Structure formats: C-alpha cells, structure tokens
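Everything below concerns the one structure shown next.
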Amino acid sequence: MNRLRSGDASVPVTEPMFRKASMNKVQALQQVNHAAVARMLCLLEDELSPVNSVLLLSPNDDDVRFVKSLFPHALISSLYESDWNLYDPAPDYVTCFDTAFAHNVLMYSKAPEVWIQNILRVSRYFVAQDIKYRKRSSEAPYLGRDRDETRYSLTPETCVQPTFDLMELPNRPIQYFEYAGISNEYHLANDPPIHICMAFQSETYNQPSRRPGPRRRLSSIFHGVKRIFDSSLTKV
C-alpha cells in the first residue's frame with residue numbers, strides 16, 4: 001500500500017469522502033485539489049500578504065474562478081503553453097508577480113528544475129498542486145497519453161512512475177504535504193493515488209512596484225474555502 005508521509009512517520013491513504021453524492025469524480029478531484037491549495041495558503045498567509053498580482057499557469061475555468069475567490073482584488077493573469085514555453089525564460093512581456101499557481105502542470109515537464117526556476121524568476125512565491133503517484137493508463141509506467149511525464153516526491157523512494165526528487169532543487173519547497181486523490185479506473189481499492197501541494201520562495205525575484213493598500217490578513221478567505229472541503233483532505 002502506498003502511504004502518505006508525515007515527518008518520519010507515515011499514515012495510510014484513504015479515499016476522500018464527497019459532500020455531494022451526485023458529484024462526479026472529476027468535480028470531486030478538482031474540489032479536493034483546490035482544498036489542498038487553500039490549506040497551503042493558510043500555512044503561508046503571513047508570508048504571502050499582501051498579494052496584489054497573481055499568475056496562473058495553464059488554468060482551467062474552475063481554477064480561475066477559485067483563485068479569483070481567494071484574491072478578489074488582485075490583478076490576475078493567465079498564461080498558457082502558447083504564451084510561454086516553460087523550458088525557456090519568460091518572455092519580456094511577462095512582468096513580476098507576487099504569487100504564481102500551477103494546478104497539475106508540472107506533471108508535463110521533462111525538466112522540472114528548469115520549469116520551477118523559470119517560474120520563480122518572475123514570482124515571489126510559487127504554489128504548485130500536482131501528483132506524487134497516480135495511474136493514468138493501464139500499462140507501466142501508467143502515465144497519461146497527453147504528454148504526461150513526471151511525478152514528484154520530497155524524499156527518495158522506490159517508485160513505479162518516473163519521479164523527480166524535490167530535494168535536488170536549489171530552491172527546495174518551503175512547505176509540502178501529501179493528500180489522497182480520487183481513484184480512477186486504473187486504481188484498486190488498496191492502491192489509491194497520492195497528490196501533493198508544495199510552495200517555493202524565489203531567491204531571484206525582482207520585486208515590482210506594489211499598488212497602495214492596507215496589509216490585509218488572508219486567513220478569513222483561505223479558512224473559509226478550506227473549511228468547506230476540510231473533511232475531504234487527509235491530514236498529514
């Protein structure tokens with residue numbers, strides 16, 4: 001059985017419970033993933049404030065709505081692969097941001113360190129929700145057929161999928177946790193998927209001029225979203 005890591009210990013992965021019985025698995029997984037991001041932001045709220053500019057990398061419509069609900073007064077920009085190939089430095093028109101977000105984006109990278117470093121050159125913080133272990137096809141190494149490339153782990157482990165060791169990064173995560181995903185047709189009951197949420201702080205970020213405004217504590221927003229889905233998250 002795969003297990004979530006919690007410091008030096010580990011806890012079994014269990015399938016999250018859904019608040020809506022009619023919710024399909026895609027919707028349920030998206031809510032669990034968004035809840036993980038909200039939990040991460042709760043952990044980082046004192047460091048993140050204020051957030052006046054946000055970069056979303058290849059978001060879907062639900063990702064955009066979710067982040068707008070967290071930062072209703074921030075300037076939010078979305079960039080896609082056609083706008084910025086993450087293997088290259090950001091184009092000149094990409095300005096600096098307070099925080100960047102990527103939901104299930106790093107899994108498509110053949111060079112995770114390059115992508116992460118390029119993102120951190122234009123953002124003060126980078127919050128990524130991604131995958132440690134998830135089967136997306138029936139044959140080893142069980143990757144998806146949509147250029148799916150990589151899984152992520154904080155510590156070296158024996159893995160059945162191509163896995164990048166985050167401890168090899170020059171900018172190691174400042175926060176990291178794992179949580180149970182939603183099983184698909186490729187996972188048996190005793191073989192659940194494991195997702196991750198991680199945060200990085202830039203060492204090369206050039207701080208942009210900030211719009212004036214009071215320093216606002218973010219906890220009321222983050223905790224409001226987190227509370228809705230908290231029962232879906234496996235505590236680690």
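These numbers come from a predicted model, not from an experiment.
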Please find the pair of heavy atoms, one from [X] and one from [Y], that lie closest to each other, and give the distance.
X    : Y    : result
P59  : L79  : CD-O, 4.2 Å
I196 : I131 : CG1-N, 4.0 Å
K25  : S183 : NZ-O, 3.0 Å
A74  : V51  : CB-O, 3.7 Å
N118 : D88  : ND2-O, 3.1 Å
M40  : Y176 : CE-N, 4.1 Å

Practice task
Would you mind listing every salt bridge (Lys or Arg N to Asp or Glu O under 4.0 Å) that reaches into residues 62-74, with sequence neighbours excluded?
Solution key: D62-R65
Problem - side-chain contact (heavy atoms from CB on, under 4.5 Å) between F177 and H195, worked out - result: CA-CA 9 Å; F177 61 82; H195 289 219; over 6 Å; no
Just to verify, what does [X] make a side chain to side chain contact (heavy atoms under 4.5 Å, CB included) with, not counting sequence neighbours?
X    : answer
E139 : none
Q117 : E113, L120, R121, P170, N171
S77  : F97
V26  : N24

Is there a path of hydrophobic side-chain contacts, each under 4.5 Å between heavy atoms of I, L, V, M, F, W or Y residues, that connects [X] with [Y]?
X    : Y    : answer
I174 : L41  : yes
Y93  : V122 : yes
V64  : V54  : yes
I182 : L143 : no

With [X] via side-chain hydrogen bond (donor to acceptor under 3.5 Å, both in side chains) - residues at least two apart:
X    : answer
R151 : D148, Q161
E81  : R147
Y108 : D146
N60  : Q30

Practice task
Check whether any side-chain heavy atom of D130 lies under 4.5 Å from a side-chain heavy atom of F164, and answer yes or no.
Solution key: no
Problem - 4.5 Å side-chain heavy-atom contact, V114 and L86 - result: no
Practice task
Taking salt bridge (charged side-chain N to carboxylate O under 4.0 Å, His left out) as the test, write out the residues that go with R172, two or more places apart.
Solution key: none
Exercise for the section: Please test R145 against S137 for side-chain contact (heavy atoms from CB on, under 4.5 Å), starting from the C-alpha separation and ending with a verdict. Expected result: CA-CA 8 Å; R145 298 178 178 87; S137 62; 3.7 Å; yes
Problem - Test item: S69 side-chain N/O and F66 main-chain N/O as donor-acceptor pair under 3.5 Å - result: yes
Exercise for the section: Ignoring hydrogens and angles, tell me if any N or O in the side chain of T150 forms a donor-acceptor pair with the backbone of T163 under 3.5 Å. Expected result: no
Practice task
Using the six-membered ring of Y186, assess whether NZ or CZ of K135 lies under 6.0 Å from its centre and within 45 degrees of the ring axis.
Solution key: no
Handout entry: Worked check of side chain to side chain donor-acceptor pair (under 3.5 Å) between N33 and Y179
Key = CA-CA 9 Å; N33 288 337; Y179 60 99; 2.6 Å; yes
Handout entry: Candidate pair Y152 and D165, rule side chain to side chain donor-acceptor pair (under 3.5 Å), full reasoning
Key = CA-CA 6 Å; Y152 294 84; D165 180 2; over 6 Å; no
Handout entry: Chi angles and distances behind the ring-ring contact (aromatic ring centres under 6.0 Å, His included) call for Y133, H187
Key = CA-CA 11 Å; Y133 169 67; H187 284 273; 5.5 Å; yes
Practice task
Please list, chain by chain and in numerical order, all residues satisfying ring pair (Phe, Tyr, Trp, His ring centres under 6.0 Å) with Y87, sequence neighbours excluded.
Solution key: W115
